[in-house]
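Scope of the values below: all heavy atoms of this structure, side chains included, with no hydrogens, waters or symmetry mates. All residue numbers refer to positions in the sequence shown, counting from 1.
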Amino acid sequence: MAVVADKASLPVLSSEEWIRIGQWSTLLRELLKGKGEMWSAADEMLFIQLQTALQVTNKERVESKEPVTP
């Protein structure tokens, strides 16, 4: 039952939107790292967690889709 609740709580975004979120977060990271004091080790940890979550979410979405047969 918990699995159903977890999947139901995922935001409804397309694969392209998940990819864009990853791209924007990477861009933001690079911009802030260039500012030195605006990027910390804690920020880096959060960035890594976000990237990991995005990859897992995207993988789950891809695996859950039924194969398309022509």
Side-chain angles (χ1 to χ4, degrees):
M1 190 73 164
V3 173
V4 173
D6 289 342
K7 289 191 181 232
S9 66
L10 287 175
V12 180
L13 297 173
S14 69
S15 295
E16 293 81 19
E17 290 169 320
W18 286 112
I19 291 168
R20 294 297 291 165
I21 290 170
Q23 291 171 336
W24 277 107
S25 64
T26 300
L27 176 62
L28 180 60
R29 173 187 181 226
E30 294 305 312
L31 290 171
L32 292 177
K33 281 179 80 174
K35 299 293 182 189
E37 73 279 354
M38 294 182 73
W39 192 260
S40 68
D43 294 325
E44 186 68 18
M45 281 183 55
L46 287 172
F47 173 79
I48 291 168
Q49 289 175 346
L50 171 63
Q51 292 298 314
T52 302
L54 287 172
Q55 291 170 0
V56 168
T57 302
N58 192 41
K59 183 179 177 185
E60 288 175 354
R61 288 185 180 280
V62 168
E63 290 175 352
S64 69
K65 289 185 180 180
E66 293 181 17
V68 177
T69 53

Non-neighbouring partners of [X] that pass side chain to side chain donor-acceptor pair (under 3.5 Å), sequence neighbours left out:
X: E16; result: S14
X: S25; result: Q51
X: E44; result: R29, W39

Q: State the OG1-CD1 distance between T26 and I21, to the nearest 0.5 angstrom.
A: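 CD1 of I21 is found 11.5 Å from OG1 of T26.
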Q.
Going by side chain to side chain contact (heavy atoms under 4.5 Å, CB included), name the residues that satisfy it together with L28, two or more places apart in sequence or in a different chain.
A.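 L28: side chain to side chain contact (heavy atoms under 4.5 Å, CB included) contacts with L32.
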Q. Quick one: side chain to side chain contact (heavy atoms under 4.5 Å, CB included) partners of Q23, sequence neighbours excluded?
A. I19, R20
Q. Taking ILVMFWY side chains as joined if any heavy atoms are under 4.5 angstrom apart, and letting links pass through other members, which residues group with L31?
A.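 Reading the cluster by chain and number, L31 sits alongside W24, L27.
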